[in-house]
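Here the structure comes first, spelled out in structure tokens, and everything after it is commentary.
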There are 2 protein chains.
Amino acid sequence: MNDQSETLEQTTGGLDLALLLPFQITQLSGKLAAQARAILSRHGTLSLAQWRIIRIVAMGLPPQSTAVRKSSGIDKGQFSKTVNVLIDEGYVTTRPCPFDHRQFEVILTDKAIAAHARLAPELDARQAHLLAALTDAQREMILPAIHALAKAAETIDFLNKDKD
Amino acid sequence: MNDQSETLEQTTGGLDLALLLPFQITQLSGKLAAQARAILSRHGTLSLAQWRIIRIVAMGLPPQSTAVRKSSGIDKGQFSKTVNVLIDEGYVTTRPCPFDHRQFEVILTDKAIAAHARLAPELDARQAHLLAALTDAQREMILPAIHALAKAAETIDFLNKDKD
DNA sequence: TCAAGAAAGTGGACATGTCAACCTTTTCGT
DNA sequence: ACGAAAAGGTTGACATGTCCACTTTCTTGA
């Protein structure tokens with residue numbers, strides 16, 4: 001037994017972690033969300049979903065509603081409600097999308113731009129902090145691994161391949 | 001540009017993913033949860049949290065409430081409510097914990113054991129399916145990387161180190 | 001061209017997750 | 001042995017996330 005497995009045992013109480021990859025990822029996701037919320041709450045009351053939308057538009061990505069929604073990874077219904085809250089609180093305005101009248105475009109107000117200017121450096125520092133915790137090899141490996149898992153998580157067809 | 005970055009771009013619309021590690025992990029976590037829910041719903045109405053509790057006890061881990069709660073990674077309040085639902089629906093019973101009267105012990109009923117027997121093989125197959133999507137190097141790397149990130153996600157002290 | 005289907009946003013219902021206050025039991029220091 | 005502090009469980013309030021039905025707009029094919 002090496003020191004790595006010892007370290008891991010501390011976080012789970014001694015389970016065989018090979019059985020718990022989804023569980024470990026879920027726990028990590030929760031901790032990352034809590035950390036992001038802690039940073040956001042230092043400077044205001046933006047929720048994570050609200051921040052993601054602001055950040056996407058601030059980055060200069062396409063501001064059409066569907067593009068923003070897909071970049072944010074937020075559910076259709078939740079996206080609609082979150083944008084309306086952002087409007088009510090004066091962070092964004094919208095205008096009709098010229099080439100598709102079902103959609104709209106998201107425009108940041110000065111308030112959102114100011115919030116972004118305050119928050120972005122701290123979130124960038126956090127990102128650097130997280131990456132610094134990984135070895136070079138881990139840093140190179142992890143995004144492809146996450147992507148491979150995400151693809152494998154999109155289907156449950158493997159359960160009845162024998163029935164086809 | 002290699003084919004890896006191309007593949008990743010497809011899932012995000014062309015963003016610089018080096019900036020989005022927490023986002024990617026959150027998205028992955030959501031997909032894994034949806035996949036698990038899809039499997040659970042094929043055989044009954046157990047929620048993810050309910051299933052985790054049953055699985056932990058079925059594995060023979062210590063059945064005292066605190067031990068089960070920590071293994072499950074579930075919030076104290078949510079754990080209390082979830083256990084009560086499991087009792088109401090006849091999946092578990094409890095008895096006082098002999099050495100700590102604040103706690104209780106969780107005992108599975110036949111109904112829970114039967115549900116576990118039906119579900120465990122499918123979730124094991126899913127675990128195998130996920131692991132098969134990774135290369136050998138990724139498989140070895142990923143749990144230590146997750147653990148390192150989880151540790152780094154537990155603090156925001158890096159934000160004001162200069163003020164100490 | 002026009003009817004059918006797909007895609008987009010909205011709103012409601014419901015499930016899940018988070019947080020804090022509270023009470024009880026245990027632990028620890030004196 | 002005793003009081004204070006910590007740990008455990010419960011409950012309620014609230015935030016977040018998921019799912020579905022519905023309307024409008026766009027796209028497609030006959």
Side-chain angles (χ1 to χ4, degrees), chain A residues 23 26-38 40-41 44-53 62-89 92 94-106 153, chain B residues 23 26-41 44-53 62-89 92 94-106 153-154:
Chain A
F23 173 76
T26 296
Q27 295 294 106
L28 171 56
S29 172
K31 286 184 181 179
L32 289 170
Q35 185 183 44
R37 275 196 304 271
L40 290 176
S41 70
T45 59
L46 283 176
S47 71
L48 252 147
Q50 290 170 344
W51 165 250
R52 273 193 235 138
I53 292 169
Q64 287 80 33
S65 45
T66 297
V68 175
R69 176 169 60 77
K70 292 194 173 169
S71 293
S72 74
I74 300 174
D75 167 86
K76 221 164 51 152
Q78 196 195 348
F79 182 78
S80 172
K81 290 158 194 160
T82 303
V83 169
N84 279 322
V85 172
L86 285 174
I87 293 170
D88 290 347
E89 298 183 352
V92 309
T94 60
R95 68 174 166 219
C97 175
F99 59 83
D100 185 342
H101 289 183
R102 296 171 301 181
Q103 298 188 50
F104 53 86
E105 292 184 351
V106 180
Chain B
F23 173 76
T26 296
Q27 294 294 106
L28 171 57
S29 172
K31 285 183 182 179
L32 288 170
Q35 185 183 45
R37 274 196 304 271
I39 294 172
L40 289 176
S41 71
T45 58
L46 283 175
S47 73
L48 252 146
Q50 291 171 343
W51 164 250
R52 273 193 236 139
I53 292 169
Q64 288 80 33
S65 46
T66 297
V68 175
R69 175 170 60 78
K70 292 194 173 167
S71 293
S72 74
I74 300 174
D75 168 85
K76 220 166 51 152
Q78 197 195 349
F79 182 78
S80 172
K81 290 160 193 161
T82 303
V83 169
N84 280 321
V85 172
L86 285 174
I87 293 170
D88 289 347
E89 297 184 351
V92 309
T94 61
R95 66 174 167 220
C97 175
F99 59 83
D100 186 342
H101 288 183
R102 295 171 302 182
Q103 298 187 50
F104 54 85
E105 292 183 350
V106 180
E154 281 168 359

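Labels below follow one simple rule: chain letters A, B, ... track the order of the sequence lines, proteins then strands, and each chain is numbered from 1. Bear in mind the structure is a predicted one, so any value in this text is a computation, not a measurement.
Rounded to a whole Å, the CD1 atom of A/I87 is 12 Å from the C1' atom of C/dG9. For the pair A/D100 CG and C/dG9 P, the computed distance is 8 Å after rounding to whole Å. When rounded to the nearest whole Å, the span between CG of A/L86 and C1' of C/dG9 equals 16 Å. The NE2 atom of A/H101 sits 19 Å away from the C1' atom of C/dA6 (whole-angstrom rounding). Distance CG (A/D88) to P (C/dT10): 12 Å, rounded to an integer number of Å. In this structure, A/E105 places its CD atom 12 Å from P of C/dG9, rounding to the nearest Å. The interatomic distance linking B/F79 (CZ) with D/dT10 (C1') rounds to 13 Å, in whole Å. Rounded to whole Å, atom P of C/dG12 lies 12 Å from atom CG of A/N84.
For the atom pair CD1 of B/I39 and CG of B/L46, the computed distance is 13.5 Å after rounding to the nearest 0.5 Å. Between A/K31 atom NZ and A/T26 atom OG1 the span is 12.5 Å, to the nearest 0.5 Å. Here A/L48 contributes atom CG and A/S72 contributes atom OG; the two are 11.5 Å apart, rounded to the nearest 0.5 Å. Put simply, NZ on A/K76 and NZ on A/K70 are 10.0 Å apart, with the number rounded to the nearest 0.5 Å.
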Scan nucleotides 16-19 of chain C against the protein and return all N/O pairs shorter than 3.5 Å with their distances rounded to 0.1 Å.
from	atom 1	to	atom 2	distance (Å)
C/dG17	OP2	B/Q78	OE1	3.4
C/dG17	OP2	B/Q78	NE2	2.1

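Smallest separation of non-hydrogen atoms from A/V92 and A/V83: CG2-O, 4.3 Å. Contact detail for B/A153 and A/L32: the closest heavy-atom pair is CB-CD2, 3.8 Å. Between A/F79 and A/I74, the shortest heavy-atom distance links the atoms N-CG2, 3.7 Å.
A donor-acceptor pair is defined here as one N or O able to donate and one able to accept, closer than 3.5 Å; such a pair exists between the side chain of A/S41 and the backbone of A/A38.
Note on A/S80: every side-chain N or O is 4.0 Å or more away from OP1 and OP2 of C/dG9.
Of the candidates C/dT26, C/dA8, D/dT25, C/dT26 carries the atom nearest the B/R102 side chain, counting heavy atoms from C-beta on.
Rotation axes derived from the C1' atoms of the five outermost pairs at either end of the helix from C/dT1-D/dA30 to C/dT30-D/dA1 lie 40° apart, to the nearest 10°.
The one candidate from A/Q64, A/E105, A/Q103 that meets the side-chain contact (heavy atoms from CB on, under 4.5 Å) condition with A/P98 is A/E105.
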